[in-house]
2 protein chains.
Amino acid sequence: MCAVTTARNHGKDLRRYLVPGTQRGRTTDAVTDALREAILDGFLTPTTWLREDEIAGAFEVSRTPVREAMRRLADEGLVIKTVHHGTTVAPLSLEDVLALYVVRENLEGLAARLAAVRCPSGLVERLDEIGSRMKAAAAEADTPRLSRLNLEWHRALRDATGNSYLGRFLGQVEHAVRRLPASTLGHPGRAEEVLSEHDAVVRAIERRDGAGAEQVAKAHMRRAREIRLAVMLGE
Amino acid sequence: MCAVTTARNHGKDLRRYLVPGTQRGRTTDAVTDALREAILDGFLTPTTWLREDEIAGAFEVSRTPVREAMRRLADEGLVIKTVHHGTTVAPLSLEDVLALYVVRENLEGLAARLAAVRCPSGLVERLDEIGSRMKAAAAEADTPRLSRLNLEWHRALRDATGNSYLGRFLGQVEHAVRRLPASTLGHPGRAEEVLSEHDAVVRAIERRDGAGAEQVAKAHMRRAREIRLAVMLGE
DNA sequence: GTATCCAATATTGAATGCAATCTGAATGCG
DNA sequence: CGCATTCAGATTGCATTCAATATTGGATAC
């Protein structure tokens, strides 16, 4: 038995990644999102061979939207295509993770600075509101919910930059980060740490301190990388 | 007559963007690259309506690879799709340009720093060699050649970072920058300025000065943005 | 027993056809 | 005369079909 697994026996389970409210004319988008979710979620693990026919059958659509979805995911770096041979889920090495966090540190820092400079009305309140919900989730040790809220917090921040390119790049970073095995938020003491680091960013934004916001946001990411490595290397 | 132009009368001229050595099984890639080139080159201008079967006819392929190409370019932000209606070349506002350069400044700075830290063997020589060719092109006032060499220089730098994410993002930035109307290298005195700014980056890399390389690279980009704005606003 | 070649098969690449739907103009009604 | 409605044409979305090619298993020669 080789290391390559197939999606054959996963069968119809893939369907649960399809969002229900898909209107006509959006099949390709729905399939793309579903496949992306399945990969990010870890349901489709690296080196899994994705046969177009199989996926099409699981989603009960034709191969055409599946083909387009595959190509898009290949452009995003989530899968690897080889002509006339097939598509496999891309592996993610420790080296990749380090490279990812290096870039992320810079982009998140830039986002914090831009957000502080623009500081659109309601931003501080929104970040604080998400922060308080995160606090509640942390108190209940509800890591999945904490993780979703964390995502929401970072999205709110990058939306506040008003920079479409930065937003797009941070979106791609987010996709890549979500592929990593387990959330770092489950690490002992990390949840509280994240809350205080986020708070530092928001306070800097509140006083329109761009440089300060950038600094604490970068420190937040450096710490996140540390924890990530600790988790991946088995604490 | 509305502001939307069509590709109808461009006809077969699109074919000149197809690279000749396209082997079988790579039609979609070839079409994608050709369309991207045509947009970056300014042959297909913003708001141009791209009809699938028109493009397919021009390239003498079926609509399938054209469709996939359109979707990929939409993901890259070069075109805008609306369901059941069509695809148009995305506009590029002055605001977008500013946003682009803000992000670019950070990414190029990071690339210079990483390149200085790693400093793979042969990098300094390669950058200097491209630099000397740029000097020759500048002496002859050969702006198109200078522009190509400039691209090559920046690519060499980002390849030296060994960071795939940074490389991908800078690649996307490069695509966006290439869409801008005219090269800033034709601006009076800019060519010489670029040469000395590049040299400052290389010297910093040579002495493994990461922070210094980042600083001069960022200054290089800030200056590039200034010139770009001057050019776009009519000097 | 092993290496090499060949053909059968599996799988993807691209073309074609049909269905859905958006646009725009002509038409009917107030 | 203005506005809503409907219908025809144009265009994209997806399914299906055909073509090309990589893989793999086996037969054969050494």
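Naming: A, B, ... by sequence-line order, numbering from 1 per chain. Because the structure is a prediction, the values reported are computed rather than measured.
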Item to check | For A:L146 against A:M134, the heavy-atom pair lying closest together | outcome: CD1-O, 3.3 Å

Checklist entry - Given atom CZ of B:R72 and atom C1' of C:dG13, what is their separation to the nearest angstrom? => result 13 Å

Checklist entry - A:D53 or B:H85: which one's nearest nucleotide on DNA chain C is closer to the 5' end? => result A:D53

Checklist entry - Over how many whole Å does the gap from A:E68 atom CD to C:dT12 atom P extend? => result 16 Å

Next on the checklist: Measuring to OP1 and OP2 of D:dA15, would you say a side-chain N or O of A:T64 lies under 4.0 angstrom away?
Outcome noted: no

Next on the checklist: From C-beta outward on A:T27, which listed nucleotide comes closest to its side chain: C:dA14, D:dT12, D:dC14?
Outcome noted: D:dC14

Next on the checklist: Please confirm whether the shortest side-chain N or O distance from A:K81 to OP1 or OP2 of C:dG13 is below 4.0 Å.
Outcome noted: yes

Item to check | Distance, nearest 0.5 Å, that separates OG1 of B:T88 from CG of B:L50 | outcome: 7.5 Å

Item to check | Value in whole Å for how far the P atom of D:dG13 lies from NE2 of B:H84 | outcome: 6 Å

Item to check | N/O (side chain, A:R51) to phosphate O (OP1/OP2, C:dA10) under 4.0 Å | outcome: no

Checklist entry - On a plain distance test, is the side chain of A:R63 in donor-acceptor contact with the base of C:dG13 below 3.5 Å? => result yes

Item to check | Atom-pair distance (CE on A:M70; P on C:dT12), nearest Å | outcome: 7 Å

Checklist outcome for this item: From CD1 of A:I80 across to P of C:dT12 the rounded distance in Å is 16 Å

Checklist entry - A:P65 has a side chain; which of D:dT12, D:dA20, D:dC14 sits nearest to it? => result D:dC14

Item to check | Closest to the B:V61 side chain, choosing from D:dT17, C:dT21, C:dA15 | outcome: C:dA15

Next on the checklist: What is the separation between atom CZ on B:R26 and atom P on D:dA22, rounded to the nearest whole Å?
Outcome noted: 11 Å

Checklist entry - How about B:S147 and B:N150: does a side-chain donor come under 3.5 Å of a side-chain acceptor? => result no

Checklist entry - Does D:dC14 have OP1 or OP2 sitting under 4.0 Å from an N or O in the side chain of A:T28? => result yes

Item to check | N/O (side chain, B:S62) to phosphate O (OP1/OP2, C:dA15) under 4.0 Å | outcome: yes

Next on the checklist: Between B:R72 and B:D29, is there a side-chain heavy-atom distance shorter than 4.5 Å?
Outcome noted: yes

Checklist entry - Under 6.0 Å from the CD atom of A:E95, do we count more than 12 heavy atoms belonging to anything else shown? => result no

Checklist entry - Please give, in whole Å, the distance from C:dG13 P to A:R71 CZ? => result 6 Å

Next on the checklist: Using whole Å, what does the distance between atom P of nucleotide C:dT12 and atom CD1 of A:I55 come to?
Outcome noted: 9 Å

